[in-house]
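Below: the structure, in structure tokens.
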Amino acid sequence: MINKITSIVIALIGLAMLWMGGELLLAGGSFFYVIMALGLLATAVALFKNNKVALSIYAVLMWLTLIWIIYEVGFDKWQWIPRGDLIGIIGVWLALPWIVRPLYRPSQPDNARGFHPFLGTTVLIMIAIVIGLMFYDPYPQAGNITTERTPVDAGAAQNDWSAYGGSASGLRFSGLKQIDKTNVNRLTIAWEYHTGDLRDPAKDASEFTFEATPLKVNDTVYFCTPHNEVHALNPETGAVKWKYQGTPDPSNLQQHQTCRGVSYYDAGAAPIAADTPAGSTPAPALCRKRIFNATTDARLIALDADSGKPCADFGTNGVVDLHAGMGQIRPHALMQTAAPLVAENLVIVGGSVMDNGYHAGNPSGVIRAYDAISGKLVWNFDPAQPENTQPIGEGQSYPQDTPVAWGTLSADVKNGLVYVPFGNASPDEVGINRDPNSNTEKFRDTLVALDLHTGTFKWRFRSSNNDLWDRDNPSQPSLLDIDYQGNKQPVVVLPTKTGNLFVLNRLTGQPVYPVNQVEVSTKGGVPGEKLAPTQPVSALNFIPEALNEKAMWGLTPFDQMACRREFTSLRYDGNPWTPSTEAGTLVFPGNIGVFNWGSVAIDPERQILIASPVRLAYKYNLIKRTADTEDKRLFTQEGQPYWNENFEGNYAIHIQQFASSLGIPCIAPPWGRMVGVDLTSGKTVWLRRVGTTKNLATTFLPGRFPIGFPMGMVAHGGPLITAGDVVFHAATADNFFRAYDVNTGKLLWENELPAGGQATPSTYMGKDNKQYVIIAAGGHGSMATKPGDAVIAYRLQ
């Protein structure tokens with residue numbers, strides 16, 4: 001009876017596989033699923049007839065499947081899963097005694113032990129191979145960075161962490177080395193603090209994210225929360241010194257609800273406003289030490305660093321309204337999500353806008369520098385009129401619909417330069433109405449250098465040509481001097497969503513590492529779209545290898561077949577610049593990018609770069625707007641509204657991750673990696689997977705996945721390097737905070753956080769002469785990591 005039931009189950013699996021495999025074959029995909037299905041059906045028929053040849057047929061099928069797997073993906077165990085798991089499970093079941101014995105006559109000796117020589121041996125060999133693969137991973141690249149440490153004046157963080165990236169240079173490097181690779185495994189929690197700032201689903205945005213990098217300066221730890229609260233803590237105990245809550249205006253119509261960091265300013269003993277006339281006596285500042293917070297509702301707030309009270313002499317009672325000069329703005333269209341840049345006596349901000357919300361009327365991407373004492377506008381750089389940097393006049397407005405810089409800026413104070421990573425201008429994926437001769441186009445997706453004191457334009461470098469994929473520059477640029485191929489140069493490193501790491505001379509903007517313009521397709525897309533014939537590619541890049549059908553993944557053959565079938569139906573030109581279409585385009589990497597706001601970390605003394613590049617593909621569908629729908633919301637089949645509606649435009653845009661019905665990426669892991677680069681040569685010395693499957697939200701199991709398979713998970717947040725040759729990183733989707741050897745990438749220590757750690761850590765020296773490492777663990781709404789409100793500090797036992 002058990003064999004009859006087994007044969008029916010196998011037949012049903014075979015029929016389902018024949019149906020899906022046949023569809024895939026007719027679409028031009030792999031033929032092997034049809035062979036697999038026929039093998040299953042033949043096994044089922046023979047087993048139903050109680051013929052032991054069923055077991056031999058199945059053994060042959062297992063060997064054919066093994067050969068096919070090795071042909072397609074080699075010995076990558078994670079890619080073996082969808083190809084072989086179901087076949088392997090059925091094989092083990094068929095080899096069990098209660099299946100084998102009924103197939104033999106009582107007089108046959110094999111009946112007694114219930115062992116089929118061919119199938120049984122095959123199953124044992126397969127199990128041995130799988131066990132062996134558990135200890136082998138062909139993906140990581142081993143290596144050892146051997147550059148010597150040479151102390152340099154790079155403005156790196158030391159005992160304090162006084163700016164978002166450690167300093168205005170944006171290196172995410174600390175000269176502290178009390179914690180090093182020999183003792184980091186002794187790290188324990190020094191203190192844990194909970195902000196109490198949690199998401200209210202009825203009011204708050206779905207992308208509610210606690211991504212703050214805490215500062216430690218003025219003998220205090222400072223950070224902001226998604227509702228733009230500012231908390232000040234004792235660095236050694238985590239005890240609250242003060243808390244500023246303000247008047248948040250949350251809304252689930254906001255596209256982003258986050259605050260990645262605050263900024264610190266010390267006016268010194270005799271602060272002088274930038275606009276104070278020469279020879280006059282300046283009025284004393286009310287707050288000599290200040291914390292600046294740029295909010296999601298577009299305000300720049302100055303707080304007394306000692307008390308948390310607003311600095312009344314800054315703007316209007318401590319607040320500068322960043323809506324000023326922007327003209328008429330739709331609700332929640334203008335945001336601040338990045339830490340302001342403080343350089344000399346200026347506080348400088350860009351801005352963020354609602355991507356693809358409207359075809360026109362989006363806020364300006366102007367860069368504005370305010371006096372850190374008075375809050376008066378000192379200069380503005382408007383991409384639409386770059387030659388006019390004098391403060392805008394009363395009653396005037398900046399032209400709208402210009403490129404924005406929503407990431408954190410950097411500054412070379414010694415040379416008097418500010419570096420602005422401009423991105424796209426909304427709408428990001430439709431360029432039908434763009435004017436290639438306008439100033440807006442000249443500054444789209446460019447790194448721009450401005451004079452720190454006047455805002456005067458110095459140079460620009462274009463990172464993407466006619467961006468139609470939301471490839472804005474999200475990362476804070478990093479500044480250092482490198483000895484590339486024996487030639488020492490001052491450089492700026494710009495990570496991009498495409499995966500390029502552009503290394504430019506920071507005084508001239510000329511490439512230090514070669515940049516080639518590669519030809520891309522200009523055919524297809526939608527009518528009227530203008531496609532750039534070339535795109536820039538840096539000699540140092542982590543642009544993912546092109547996908548093919550073999551690169552599709554899943555947990556079973558069925559969701560893998562579904563992914564393969566969808567892959568064949570989407571337009572994909574084998575590069576990151578495939579034009580979007582109404583029928584559907586596969587964009588790889590997608591709009592989350594290879595690099596995002598977490599940027600990279602660089603040790604300027606050893607010229608080592610650490611990065612965590614992401615590999616995720618997305619589906620882009622353009623939806624034609626008509627006269628009847630130009631100002632109406634569009635909805636998915638599930639009844640959910642699209643975010644990227646582009647009201648009154650040519651097309652709305654539907655963007656979703658390329659994933660199976662189980663919610664698992666259709667492309668094979670790793671989805672997250674970590675790399676170590678020797679900047680003196682530009683060589684990637686080591687590469688590893690980063691992150692595990694533990695704590696992932698799943699659609700096929702209740703709760704979160706309990707087992708941590710080290711596949712390599714998405715990381716949203718940046719790394720930190722210390723002079724102790726340790727890399728700290730907590731941005732993966734599994735809630736773990738980890739430490740790695742900077743030379744080899746070897747995992748040295750890990751600790752499970754109470755929530756998702758989608759943030760960048762920082763480090764500092766306490767008054768107790770102990771080095772602390774600190775991380776915000778609050779989760780990330782759109783990544784579906786565990787939400788929370790914790791800030792945790794670690795130190796050695």
Side-chain angles (χ1 to χ4, degrees), residues 1-22 24-25 30-136 138 550 554-558 560-561:
M1 183 65 180
I2 191 170
N3 282 1
K4 298 290 186 184
I5 296 173
T6 298
S7 67
I8 293 171
V9 171
I10 293 175
L12 292 174
I13 293 172
L15 288 171
M17 189 172 292
L18 183 62
W19 176 267
M20 294 186 68
L24 177 62
L25 181 61
S30 173
F31 65 88
F32 191 80
Y33 290 98
V34 171
I35 293 176
M36 195 182 292
L38 294 176
L40 287 168
L41 291 172
T43 300
V45 170
L47 187 62
F48 190 84
K49 293 181 178 180
N50 209 42
N51 189 333
K52 66 178 182 294
V53 74
L55 306 185
S56 296
I57 293 172
Y58 201 83
V60 170
L61 177 60
M62 290 185 74
W63 282 108
L64 290 175
T65 301
L66 177 65
I67 294 169
W68 170 68
I69 290 174
I70 295 173
Y71 164 74
E72 282 215 323
V73 296
F75 293 92
D76 184 345
K77 56 180 172 287
W78 303 120
Q79 297 201 57
W80 281 40
I81 290 173
R83 294 167 173 84
D85 56 0
L86 184 60
I87 295 299
I89 290 170
I90 294 174
V92 170
W93 177 256
L94 291 177
L96 293 174
W98 51 79
I99 299 292
V100 175
R101 285 194 188 105
L103 299 178
Y104 284 85
R105 293 190 297 273
S107 60
Q108 292 179 294
D110 284 318
N111 178 64
R113 58 179 181 267
F115 181 80
H116 186 272
F118 189 14
L119 180 60
T121 301
T122 296
V123 168
L124 291 174
I125 292 173
M126 300 294 180
I127 291 174
I129 292 173
V130 170
I131 292 174
L133 283 179
M134 292 173 64
F135 302 95
Y136 173 71
K550 297 176 185 178
L555 286 183
T556 71
F558 295 102
Q560 191 197 40
M561 278 189 287

Counting C-beta onward and ignoring hydrogens, is there a side-chain heavy-atom pair between Pro557 and Asp85 closer than 4.5 Å? yes

TODO: May I ask you to establish whether Lys52 and Phe118 are in a cation-pi arrangement, using a distance under 6.0 Å from NZ or CZ to the six-membered ring centre and at most 45° from the ring axis?
DONE: no

For a 4.5 angstrom cut-off between non-hydrogen side-chain atoms, does Leu119 reach Val100?
no

Leu133 and Phe75 have their tightest heavy-atom pair at CD2-O, 3.6 Å

Interatomic distance, OH@Tyr33 vs CG@Leu40, rounded to 0.5 Å, equals 12.5 Å

Please answer whether the main-chain N or O of Pro138 pairs with a side-chain N or O of Asp76 as donor and acceptor at a distance below 3.5 Å. no

Exercise. Determine whether Ile90 and Thr43 make a side-chain contact, defined as any pair of heavy atoms from C-beta on separated by less than 4.5 Å.
Key: no

Rounding to 0.5 Å, atoms CG (Leu96) and CZ (Arg101) come to a distance of 10.5 Å

### Query
Heavy-atom distance under 4.5 Å between the side chains of Asn51 and Leu103, does that happen here?
no

Using the rule given for side chain to side chain contact (heavy atoms under 4.5 Å, CB included), can you reason through Gln79 versus Lys550, listing the C-alpha separation, both sets of side-chain angles and the distance that settles it, and then say yes or no? CA-CA 9 Å; Gln79 297 201 57; Lys550 297 176 185 178; over 6 Å; no

Heavy-atom closest pair (Ile10 atom, Ala44 atom, distance to 0.1 Å) is CG2-CB, 4.0 Å

Heavy-atom nearest pair, Gly39 first then Ile57, reads O-CG2, 4.0 Å

Rounding to 0.5 Å, atoms CG (Leu55) and NE2 (His116) come to a distance of 4.5 Å

In this structure, CG of Leu12 is separated from OG of Ser7 (nearest 0.5 Å) by 9.5 Å

**Q.** Worked check of side chain to side chain contact (heavy atoms under 4.5 Å, CB included) between Trp93 and Ile2
**A.** CA-CA 11 Å; Trp93 177 256; Ile2 191 170; 3.8 Å; yes

All heavy atoms of Tyr136 vs all of Lys77, minimum pair found to be O-NZ, 2.7 Å

What one should report as the nearest heavy-atom pair of Gly91 and Val123 is O-CG2, 3.5 Å

Which of Thr556, Leu555, Ile13, Ile81 passes side chain to side chain contact (heavy atoms under 4.5 Å, CB included) with Leu86? It is Ile13

Result block: side-chain N/O donor-acceptor pairs under 3.5 angstrom for residues 58-66, not counting sequence neighbours:
unit_1, atom_1, unit_2, atom_2, d
Tyr58, OH, Ile87, O, 2.7
Trp63, NE1, Thr122, OG1, 2.9
Thr65, OG1, Leu61, O, 2.8

Taking every heavy atom of Asn50 against every heavy atom of Pro102, the minimum-distance pair comes out as ND2-O, 3.1 Å

Here the gap from Leu47 atom CG to Ile99 atom CD1, rounded to the nearest 0.5 Å, amounts to 6.5 Å

4.5 Å side-chain heavy-atom contact, Phe558 and Met20:
yes

Has Lys4 got more than 12 heavy atoms of other residues, nucleotides or ligands less than 6.0 Å from its NZ?
-> yes

Rounding to 0.5 Å, atoms CG (Leu38) and CE (Met17) come to a distance of 11.0 Å

**Prompt:** Within the distance-only criterion (no hydrogens, no angle test), does the side chain of Trp80 pair as donor or acceptor with the backbone N or O of Gly74 below 3.5 angstrom?
**Reply:** yes

Checklist line | Near-ring test Trp68/Phe31, centroid separation under 6.0 angstrom | finding: no

Sequence neighbours excluded, the answer for side chain to side chain contact (heavy atoms under 4.5 Å, CB included) partners of Val130 is none

